[in-house]
Structure formats: C-alpha cells, structure tokens
Protein chains: 2
Amino acid sequence: MGERWWHRKFRGCGYRLTVPREVIFTVLSKTSKHLSAEEIYIEVHKTYPAIGLTTIYRTLELLVEMGFILKFDFGDKRARYELAEGLQGKQHHHHLLCTDCGKIIDYTDFAKEEKELLGQTEKGLSEKFNFKITNHLIQFYGLCSKCQKK
Amino acid sequence: MGERWWHRKFRGCGYRLTVPREVIFTVLSKTSKHLSAEEIYIEVHKTYPAIGLTTIYRTLELLVEMGFILKFDFGDKRARYELAEGLQGKQHHHHLLCTDCGKIIDYTDFAKEEKELLGQTEKGLSEKFNFKITNHLIQFYGLCSKCQKK
DNA sequence: TTTGATAATGATAATCATTACCAAAAAGGT
DNA sequence: ACCTTTTTGGTAATGATTATCATTATCAAA
Ligand SMILES: [Mn+2]
Ligand SMILES: [Mn+2]
Ligand SMILES: [Zn+2]
Ligand SMILES: [Zn+2]
C-alpha cells in the first residue's frame, strides 16, 4: 500500500500521514459504491477495530477539503462519499436515484450534451445575476427497473 | 382569507380544515422566500402563539404530499419550503446558491434550453437504464455578487 | 535512535433538526 | 348539542454529526 502519489500532496499540505487516513482512503479507493460514514466505519472496523467513528468523520471532512473525495446528499438523511473525479479513472458524473429502493446509478454518457448546456446556462446565469458559479448538482429521481415491476 | 379554491381539494382528500393549516398555508403563499420549519413557526407564532412546532412539521409534510408546496435541501442542514409551481403564478425553476452568505436565487430564464436538454437526457437515461424518471434536482453553487467582493 | 513540540485520535457528551407518543381539544356530520 | 374521528401540542426520543479533552502517534530536530 505504500503508494507515494497522494502521500506527497498530503504532506505538502502539512498534514501527517496516519493509519486511519491511509485505511479510510483505501476503502474509498476500492469501492464503486457511495458509502456513508457509518458504512465506512463498519468496513474499516473489520481490519482496524481501534479506529473510532469520530475519526471517520474527521478524516472524511479532510479528504473532501483536499479534493480527494466528494460528499453527496442523496436524501436518505446521511452524507455519502465517493472518490473524486480524476482518481482511479473516475469521471465527472451525475446520479440517478431510485426513490423506492435507494439504488444509485452513476452516468457519464450524456455528459457531452449536458456539458454544453451546463456551460451555456452557467454563463447566462453568471452574467444575469453576477454570480460566480463554482459547482453544480444534478440528480434525477425515479424508479429503477426492478421497482417499476412491484 | 376565505378562499375556497384549495379548501375544496383539501376536503376532497378527506382532510379537515383547521386554523393551523390555514395559517401555515397562508404564510407560504405570501412570501417569495424559502422558509424553514422553524422560520415558519416563528412567523406563525406572532399571530397564533398557540400553534406548536410539531404541527408546523406535520402540516408541511401534508402540504408537500398534496402538492401544494415543495421541499428542498439547500445544504444548510434543514429543509426549506416554497409554494409549488402553478400556485400564485409560481413557475418551475431551479436555484442558484451562494456558498458564502446562503443567498438563494430562483431562476426561470434558462428554462427553455434547459428543458430541452432535460427532456433529451431523461429520455436517454430512461432507455439506457430502464429507469422511470419522475423528478429532477438542479442547483448551481457559487458566490453572489456581494460575496465576490469580500 | 531518542526527544519534544505539535497534530491526531477516540471515548464520551453535546447539538440540533426531525419524529414518536399520547392525552386533550377541535372538526364536522348527525 | 352529541358523537366519532382527526388533529393538535407538549414532551420525550431519535439519529447523524460535532465538540471536548485527555491520551497517543507523527516527524523533524538533536
Ligand atoms: Mn457517483
Ligand atoms: Mn425557489
Ligand atoms: Zn429501485
Ligand atoms: Zn453571497
């Protein structure tokens, strides 16, 4: 696990490299799911039972701040996290959420058309409202194939 | 205040018409802000100090369910509500959120281009993932004009 | 290597928005 | 006015996230 690539950025920001940070980052790196703090805690706990939930929260906040991971709210009352774009070949994407079973689908396919419209819209909004846009959130809600049959 | 138009729908659903419901609905009808449950409580409390916060929550839930109001999460840890589209000339719109001061801007201007892309995207996603899309959430984050100067 | 200043951790308590409970009050048909 | 059913409002409970703070780990310097 001794990868150096992100250790450097870490040290560069004056942060110490610790076991919990290494472990939590690794968990996020190896899943394609959108894990909550507690789910990460449970996973981490299997191998490192000494690491506490508080540390999970603190580390997640740090990783978000450093741009390693993204924090999402999918409406289920808890924050969920996933690796940021650029890492592990992750691409910028949006989400499709099943309001029945909670399934989350990543999609990047329509990024082309979307990106164009987004650019246009952001430009228009920036001008009209003198607003400096830095980020956007796009989510579609509905029923997944399984839940449509119920 | 004796408007009958929404009273009818209310009764039609088997719900009783009560003072709290009338008052809370009226508050939402008369503001263009995106109020939280507590803010609504405070407003209501000025004229009807006997109405409790629990009733505010319950009534808001009911109004959402009946389609009179919409519930939003703007990332400030509390739900915010506004009159649904169609009522009081409200149009379907999205939001521009200042991450510094919390300012919320409604915009409907770019609805045309957006609507087109949304339709396309929703269609594509529906087909590709066999997902029945019923709703969407689009928000832009950034700095408002005032906060850019700080 | 040891040391020492400082950052990080983890157990616990505190927050705070939202819900659950339940006895009392209000609504509306008779 | 009466009766049945809803609705209400005070209070306690919930549950995710944060704050506290004594203890431990990190890492640059000696
Ligand atoms: Mn994702
Ligand atoms: Mn709005
Ligand atoms: Zn589903
Ligand atoms: Zn601002």
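Below, read A as the first sequence line, B as the second, and so on, with proteins coming before strands; counting in each chain starts at 1.
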Between [options], which nucleotide gets closest to the side-chain atoms of [X]?
X      : options                  : value
R16(B) : dT7(D), dA25(D), dT18(C) : dT7(D)
R58(A) : dC27(D), dT9(C), dT12(C) : dT9(C)
Y15(B) : dT18(C), dT7(D), dC27(D) : dT7(D)
P20(A) : dC27(D), dG10(C), dG9(D) : dG10(C)

(Q) Taking the nucleotide of DNA chain C with the nearest heavy atom to each, does A79(B) or A50(A) sit closer to the 5' end? (A)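 That would be A50(A).
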Heavy-atom nearest nucleotide on DNA chain C for T18(B) versus V19(A): which residue maps closer to 5'?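 Going by which nucleotide is closer to the 5' end, it is V19(A).
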How is [X] classified with respect to the nucleic acid when contacts are heavy atoms under 4.0 Å: base, sugar-phosphate, or nothing?
X      : answer
R78(B) : sugar-phosphate
T54(B) : base
T55(B) : base

Walk me through whether H92(B) and H136(B) qualify under ring pair (Phe, Tyr, Trp, His ring centres under 6.0 Å). CA-CA 11 Å; H92(B) 179 73; H136(B) 62 250; 5.2 Å; yes
Measure the distance from [atom1] on [X] to [atom2] on [N] and round it to the nearest whole Å.
X      : N       : atom1 : atom2 : result
L60(A) : dA16(D) : CG    : P     : 15 Å
I56(A) : dA16(D) : CD1   : C1'   : 15 Å
L17(B) : dG29(C) : CG    : P     : 11 Å
R80(B) : dA17(C) : CZ    : C1'   : 12 Å
Y57(B) : dC21(C) : OH    : P     : 18 Å
F10(A) : dA7(C)  : CZ    : P     : 15 Å

*More 5' along DNA chain D: G14(B) or K77(B), using each one's nearest nucleotide?*
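Checking each residue's closest nucleotide, the 5'-ward one belongs to G14(B).
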I56(B) side, atom CD1; H45(B) side, atom NE2 - distance, nearest 0.5 Å:
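Reported value, rounded in 0.5 Å steps: 10.0 Å.
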(request) For residues H95(B) and F74(B), establish whether the separation of their ring centroids is below 6.0 Å. (result)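 Yes, close enough.
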Between F25(B) and F68(B) (judged by ring centroids, cut-off 6.0 Å), do the two rings come close enough to count as a pair? yes
So, D106(A) versus H94(A): side-chain donor-acceptor pair below 3.5 Å or not?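 Checked: D106(A)/H94(A) side chains show no N/O donor-acceptor pair below 3.5 Å.
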Checklist entry - Between R11(A) and dT26(D), does any side-chain N or O lie under 4.0 Å from OP1 or OP2? => result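 Checking R11(A) against dT26(D): no side-chain N or O falls below 4.0 Å of OP1 or OP2.
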